[in-house]
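Any value given below was found using the heavy atoms of this structure, including those in side chains, with hydrogens, waters and symmetry copies removed. We count ligands from 1, going down the list as the structure has it; atoms in each ligand are counted the same way.
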Amino acid sequence: MAKKQITSFIFISSVLVHTHSADENYSAVMPQTVTALTGSCVQIPCTFHISDFEDKRNKAESIYGIWLKTTSKFAEKDGFIAFNSSENIIRGFSDIQMTGNLRERNCTTVFNNIMKNHSDLYYFRLEMEPVFRVTFNPITDDSKKTVRINVTDSPQPPELKPSKPVMEETTVNLICSAEAPCPKLPPTISWSNIPESALITTQLQEKPDKTQSVVSKLTFKVSYKDHRRNITCTATYPRNTPDASTVETIVMLQVLFPPKETHIIITPSVGTNVTLTCKSCASPSNDLNYTWYKHGEETPIAWGAKINLTQTQTRSYLCIAQNKYGKQSSEEVHHTGQSGLSHLVIFGCTGGLLAFLLLSAVFFYWMRTKASRQAHVIGSDQAINRDTMATNNVTAISKNGEKKETDDLYYGEIDFSKLQTGHKTEELSNNVSETEYSELQVTQR
Ligand SMILES: *[C@@H]1O[C@H](CO)[C@@H](O)[C@H](O)[C@H]1NC(C)=O
Ligand SMILES: *[C@@H]1O[C@H](CO)[C@@H](O)[C@H](O)[C@H]1NC(C)=O
Ligand SMILES: *[C@@H]1O[C@H](CO)[C@@H](O)[C@H](O)[C@H]1NC(C)=O
Ligand SMILES: *[C@@H]1O[C@H](CO)[C@@H](O)[C@H](O)[C@H]1NC(C)=O
Ligand SMILES: *[C@@H]1O[C@H](CO)[C@@H](O)[C@H](O)[C@H]1NC(C)=O
Ligand SMILES: *[C@@H]1O[C@H](CO)[C@@H](O)[C@H](O)[C@H]1NC(C)=O
Ligand SMILES: *[C@@H]1O[C@H](CO)[C@@H](O)[C@H](O)[C@H]1NC(C)=O
Ligand SMILES: *[C@@H]1O[C@H](CO)[C@@H](O)[C@H](O)[C@H]1NC(C)=O
Ligand SMILES: *[C@@H]1O[C@H](CO)[C@@H](O)[C@H](O)[C@H]1NC(C)=O
């Protein structure tokens with residue numbers, strides 16, 4: 001069956017090609033493959049070259065453009081001809097328009113109302129009566145091109161670039177391009193989950209093979225908060241069916257940045273020994289490391305995300321997180337040597353504010369219910385300089401009272417900003433050792 005078709009085709013070609021002298025130089029340029037959407041149209045950009053074209057054109061009485069569909073059977077007379085511009089003969093299609101001007105070597109053609117059975121290889125034939133006839137086919141020469149129309153029910157998802165990591169605070173351009181095989185009904189492009197400051201420019205562009213695509217450019221300055229943001233580009237194709245066809249592509253932004261939101265979490269073990277955990281958010285995070293310092297000391301006391309403190313190690317501590325793009329210090333936290341209670345665990349990069357709100361809520365709740373035995377600490381963003389760190393304001397709120405007391409509590413608010421940092425530590429420890437219930441809050445002013 002297939003063999004029969006091929007032989008038939010070669011026969012047709014020979015018949016059509018050999019109507020002109022063998023040394024003629026001719027070629028056609030068209031895309032190798034176009035993907036068309038059912039119910040839409042497809043434009044085949046097409047130009048051709050023939051030696052002494054102007055001369056032939058002047059001698060010709062009429063010029064016709066013809067499209068041949070390969071799998072049609074030669075047995076049916078003229079069955080293989082999908083289109084003949086001479087009398088606008090159309091077979092197997094509801095509408096075909098030759099929009100290019102053949103006299104200017106332009107054979108651009110639009111096939112309308114595409115159906116599944118239009119998927120095929122198409123050949124262009126030119127008839128300049130009575131001077132010259134040629135079918136541009138690849139059997140005699142590779143340069144003489146044909147076009148394959150590939151019909152699909154759903155369009156290709158748009159292409160979205162780049163997906164490679166970008167440095168924070170740089171301006172990034174995301175390019176989303178969607179094929180527009182039918183330029184008179186191009187797809188519309190929309191973006192979702194994009195930063196507020198993003199600028200969008202969209203235009204129809206011609207590709208090297210002369211087919212069109214809609215290209216939308218999204219421009220914005222990336223922040224570290226955009227790390228892992230999933231940005232979606234959606235292309236909606238209009239078609240002559242009730243439902244438009246929608247396809248989308250998602251890209252996850254990869255932002256590179258030095259440590260941020262470095263803070264310490266105190267996890268109380270049973271009794272008075274605690275574990276301090278240094279939390280930070282950085283990208284890449286695989287080379288993220290932590291160094292611990294005692295207040296006022298230059299030499300690190302430990303490395304790693306966690307340190308254990310016993311009752312006797314009542315000092316202020318801070319940690320410095322580092323990756324290959326830089327480092328950041330946490331706030332100092334003070335270990336009181338008292339048993340503590342803190343279940344705060346912060347996930348992700350945007351946990352800082354959440355944690356603050358959470359802690360505020362918890363704090364006020366506890367103030368109301370007069371619960372006791374607690375210590376929690378908030379650390380927030382801070383510059384690397386440890387000297388400035390030492391002068392940071394520390395506000396301590398301590399509650400004095402007895403366990404069985406239900407009504408009156410005394411709140412002492414002490415601002416240590418004007419005190420020396422050495423005093424601060426002592427004040428706090430003294431204060432705390434005298435009081436059974438303490439609440440410590442370290443914030444950055
Ligand atoms: C055919 O024509 C093209 C451009 O007109 C030319 O570059 C090419 O060399 C020609 N080929 C032959 C075999 O004459
Ligand atoms: C195209 O139509 C013209 C005019 O009807 C006709 O002379 C010509 O043979 C047709 N071409 C083909 C390949 O059928
Ligand atoms: C495709 O199918 C439609 C009906 O389903 C028919 O009218 C048309 O002739 C077919 N076209 C081809 C090229 O086979
Ligand atoms: C060929 O014609 C089409 C349709 O009129 C037009 O869009 C295209 O620019 C033309 N191509 C050239 C090379 O002139
Ligand atoms: C045609 O489209 C189908 C999907 O509909 C795809 O699998 C196939 O690879 C495409 N063929 C070409 C030549 O692009
Ligand atoms: C983005 O998508 C990836 C993969 O589906 C997922 O792992 C990631 O959590 C998503 N990012 C956000 C911010 O939701
Ligand atoms: C705290 O740690 C010290 C030293 O490791 C240990 O001797 C003590 O028993 C621990 N206390 C509690 C309550 O676990
Ligand atoms: C800290 O204490 C925990 C549990 O008590 C223990 O598993 C861990 O190894 C200790 N870490 C260090 C650095 O001593
Ligand atoms: C921590 O990581 C940085 C960057 O990768 C590296 O330069 C530094 O030597 C590391 N420090 C430790 C203590 O491993």
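With hydrogens and angles left out, the side-chain atoms of T219 and N173 include a donor and acceptor closer than 3.5 Å. Between T275 and N308, the side chains place a donor N or O and an acceptor N or O closer than 3.5 Å (distance only, hydrogens not considered).
With E168 contributing its side chain and L256 its backbone, the two residues share no donor-acceptor pair below 3.5 Å. S85 contributes a side-chain N or O that, together with a main-chain N or O of G65, makes up a donor-acceptor pair within less than 3.5 Å. Judged purely by atom type and a 3.5 angstrom limit, N323 uses its side chain to pair as donor or acceptor with the backbone of F257.
If you number the atoms of ligand 6 from 1 as listed, the ones under 4.0 Å from a heavy atom of N230 come out as 1 (C), 2 (O), 3 (C), 8 (C), 10 (C), 11 (N), 12 (C), 14 (O).
Polar contact check, M115 against ligand 3: no nitrogen or oxygen pair lies under 3.5 Å apart.
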Please tabulate, one pair per line, all N/O donor-acceptor pairs under 3.5 Å involving side-chain atoms of residues 185-197, not counting sequence neighbours.
{"unit_1": "W191", "atom_1": "NE1", "unit_2": "S216", "atom_2": "OG", "d": "2.9"}
{"unit_1": "N193", "atom_1": "OD1", "unit_2": "R229", "atom_2": "NH1", "d": "3.4"}
{"unit_1": "N193", "atom_1": "ND2", "unit_2": "N230", "atom_2": "O", "d": "2.7"}

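Among protein residues, D287, N289, W303, Q322, N323, K324 come within 4.0 Å of ligand 9, judged on heavy atoms.
Contacts with ligand 3 closer than 4.0 Å are made by side-chain heavy atoms of K69 only, the backbone lying farther away.
Residue contacts with ligand 6 leave out R229, since none of its heavy atoms falls under 4.0 Å from the ligand.
The pair E179-K207 meets the salt-bridge criterion, since a charged nitrogen lies less than 4.0 angstrom from a carboxylate oxygen. Between D120 and K69 a salt bridge is recorded (basic side-chain N to carboxylate O distance below 4.0 Å).
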